Amino acid sequence: MSFPQPKPEVPQIPQNLLRTIDCQQGAVRAVRFNADGNYLLSCGSDKSLKLWSVSRGTLLKTYSGHGYEVLDADGSYDNSQLCSCSSDKTVILWDVATGQVTRKLRGHAGKVNCVQFNEEATVILSGSIDGTVRCWDTRSRKFDPIQILDEAQDGVSSLKVSEHELLTGSVDGRVRRYDLRMGQLHVDFINSPITCVCFSADSQCTLTSSLDSTVRLLDKSTGEMLGEYTGHKMKGYKLDCCLSSKDTHVLSCSEDGHVYCWDLVEGSLMLKLPVGKAVVQSLSFHPSETRLLTAMEGRVQVWGVEPEETEEDVVVVQQEKA
């Protein structure tokens, strides 16, 4: 007698609000998980960068040193360093523990939209409205970039690093993928200003959002379009998109106060997450768990699959057992 195969589990979507953090740093321009997902970074229009505990929602440290609003940030793999970029045209490398500025990197001719470490945190890559990506050596005593990539015809809005590859999105409507080992450049033309780019977890695909209110999934090697996701509103703001940690869902911010979540394969809208009444500025998906961060106005929301047990709930359970 043969038993039927158990049904595969339906991938979960974070749709329960676990907590809201009032960041008190003006408008939150970007929110990011750190490498292991235990902490989050919030970038404020009040020139500050803040580090928070995700599980408790408590403020751990404030980093002040930019002269204008902070637009993006990233944490190193070992959580010892942070990098951030700002409308003040600078990139700052921070020591996490002390909160001190380790290095202030100048060279961009306009506001710096995006910043990220490479995997070893030996290089910081920054993309600017000046149309360049600059690569900075974090260990060098020199303050000049080790490389400048100036292929973009307009501002660089987003970049992501994966091993030896760099993905950039530009207002000129092109996604550029640099193979840094081979010295090759691959270009895909989207025909609409690009707001966000990212790699899939398996590094086989790229995800791109643009101002025609469309998110596109492209095959990395051929440039073939594998999926198109629409329904959200993205006309005038630089908003984020991302993939879930297991590449099952595509998520995007929207100007109508929601986060849209589509099934990656089918392209169907699975969830329209109501965040609030304003534009959802930024989002970040947990590197391994089903958790989501969203940023709206001056607040960050943490979302999970199940509502979290509070300490009171745990006490009640223990009493029942007793």
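Residue numbers count from 1 along this sequence. These numbers were taken from a predicted model, which means no experiment stands behind them.
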> Are Ser192 and Ile194 close enough, and set up right, to give a side-chain contact (heavy atoms from CB on, under 4.5 Å), and what steps lead you there?
Replying inline: CA-CA 6 Å; Ser192 175; Ile194 290 160; over 6 Å; no
>> With side-chain contact (heavy atoms from CB on, under 4.5 Å) as the criterion, how do Lys61 and Val96 come out once you've worked through the C-alpha distance, each side chain's angles and the decisive distance to 0.1 Å?
In response: CA-CA 8 Å; Lys61 209 157 197 69; Val96 168; 5.9 Å; no
> Yes or no on side-chain contact (heavy atoms from CB on, under 4.5 Å) for Leu71 and Val112, after CA distance, side-chain angles and deciding distance?
Replying inline: CA-CA 7 Å; Leu71 297 177; Val112 189; over 6 Å; no
> Leu239 and Val279: side-chain contact (heavy atoms from CB on, under 4.5 Å), yes or no, with the steps?
Replying inline: CA-CA 9 Å; Leu239 305 181; Val279 175; 3.8 Å; yes
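Counting heavy atoms from C-beta outward, Thr102 and Ile92 have side chains that stay 4.5 Å or more apart. Residues Met270 and His249 are in side-chain contact: their nearest non-hydrogen atoms beyond the backbone lie under 4.5 Å apart. Between Trp303 and Arg291, every side-chain heavy-atom pair lies at or beyond the 4.5 Å cut-off. Between Ser213 and Lys235, the closest side-chain pair of non-hydrogen atoms falls below 4.5 Å. Proximity of Val133 to Ile148: side-chain heavy atoms (C-beta onward) are nowhere separated by under 4.5 Å. The shortest distance between side-chain heavy atoms of Val31 and Leu40 falls below 4.5 Å. The side-chain heavy atoms of Tyr229 and Cys241, taken from C-beta on, include no pair separated by under 4.5 Å.
For the residue pair Gln301 and Thr20, no side-chain donor N or O sits within less than 3.5 Å of a side-chain acceptor on the partner. In summary, the side chains of Asp263 and Ser268 do not present any donor paired with an acceptor at a separation below 3.5 Å, with no hydrogens or angles considered. When only modelled atom types and interatomic distance are considered, Ser86 and Thr90 share no side-chain donor-acceptor pair under 3.5 Å. Defined by atom type and a distance below 3.5 Å, a donor-acceptor pair is present between the side-chain atoms of Ser48 and Gln25.
Residues Ser170 and Gly155 approach most closely at OG-O, 3.0 Å, considering heavy atoms. Closest approach of Ser162 and Ser203 over heavy atoms only: OG-OG, 3.3 Å. Residue Ala73 comes nearest to Leu49 through the heavy atom pair CB-CD1, 3.6 Å, listed as atom of the first residue, atom of the second, then distance. Annotation for Leu60 and Arg56: closest pair CD2-NH2, 4.4 Å, computed over non-hydrogen atoms. Nearest heavy atoms, Leu226 versus Cys205: CD1-SG, 3.7 Å. The nearest pair of heavy atoms linking Cys135 to Leu125 is SG-CD2, 3.7 Å.
Between Glu151 and Arg176 there is no salt bridge, since no side-chain N of the basic residue sits under 4.0 Å from a carboxylate O of the acidic one. Between Asp212 and Arg216, at least one side-chain N (NZ, or NE/NH1/NH2) sits under 4.0 Å from a carboxylate O, which counts as a salt bridge. A salt bridge between Asp202 and Lys246 is absent, with no side-chain N of the basic residue lying under 4.0 Å from a carboxylate O of the acidic one. Salt bridge annotation for Arg177-Glu165: present, with a cationic side-chain nitrogen under 4.0 angstrom from a carboxylate oxygen. With respect to Arg32 and Asp72, a salt bridge is recorded, a charged nitrogen being found less than 4.0 Å from a carboxylate O. Salt bridge annotation for Arg139-Asp137: present, with a cationic side-chain nitrogen under 4.0 angstrom from a carboxylate oxygen.
When atom types are taken as modelled, the side chain of Ser254 and the backbone of His232 share no donor-acceptor pair closer than 3.5 angstrom. No donor-acceptor pair under 3.5 Å is formed between the side chain of Lys160 and the backbone N or O of Thr168. Of the possible donor and acceptor atoms, none in the side chain of Asp154 sits under 3.5 Å from a partner among the backbone N and O of Val171. Judged purely by atom type and a 3.5 angstrom limit, Ser158 uses its side chain to pair as donor or acceptor with the backbone of Val197. For the pair Asp240 (side chain) and Leu283 (backbone), a donor-acceptor distance under 3.5 Å is present. Of the possible polar contacts, none joining the Ser45 side chain to the Gly26 backbone as a donor-acceptor pair under 3.5 Å is found. Between the side chain of Ser128 and the backbone N or O of Thr132 there is no donor-acceptor pair closer than 3.5 Å. Remark: the backbone N or O of Val305 is paired with a side-chain donor or acceptor of Asn16 at under 3.5 angstrom. Gln100 contributes no side-chain N or O that, together with a main-chain N or O of Asp95, makes up a donor-acceptor pair within less than 3.5 Å. Remark: side-chain polar atoms of Lys50 are paired, donor with acceptor, to backbone N or O of Cys23 under 3.5 angstrom.
Counted within 6.0 Å of NZ on Lys47, heavy atoms from surrounding residues, nucleotides or ligands total 12 or fewer; the atom is thus considered open.
Sequence neighbours left out, not one pair with a member in residues 107-140 passes ring pair (Phe, Tyr, Trp, His ring centres under 6.0 Å). Note on residues 44-70: pairs passing ring pair (Phe, Tyr, Trp, His ring centres under 6.0 Å), not counting sequence neighbours, are Tyr63-Trp94. Under the ring pair (Phe, Tyr, Trp, His ring centres under 6.0 Å) criterion, the residue pairs touching residues 269-295 are Phe33-His286, with sequence neighbours excluded. The ring pair (Phe, Tyr, Trp, His ring centres under 6.0 Å) analysis of residues 161-199, with sequence neighbours excluded, yields no pairs.
Atom OG of Ser209 is separated from atom CE of Met234 by 4.0 Å, given to the nearest 0.5 angstrom. The CG atom of Asp256 sits 12.0 Å away from the NZ atom of Lys277 when rounded to the nearest 0.5 Å.
Because its NZ or CZ atom is both nearer than 6.0 Å to the ring centre of Phe143 and within 45° of the ring axis, Arg103 counts as a cation-pi partner of that residue.
In this structure, the side chain to side chain contact (heavy atoms under 4.5 Å, CB included) partners of Thr230, at least two apart in sequence or on a different chain, are Thr214. Partners of Ala35 under the side chain to side chain contact (heavy atoms under 4.5 Å, CB included) rule, at least two apart in sequence or in another chain, are Asn79.
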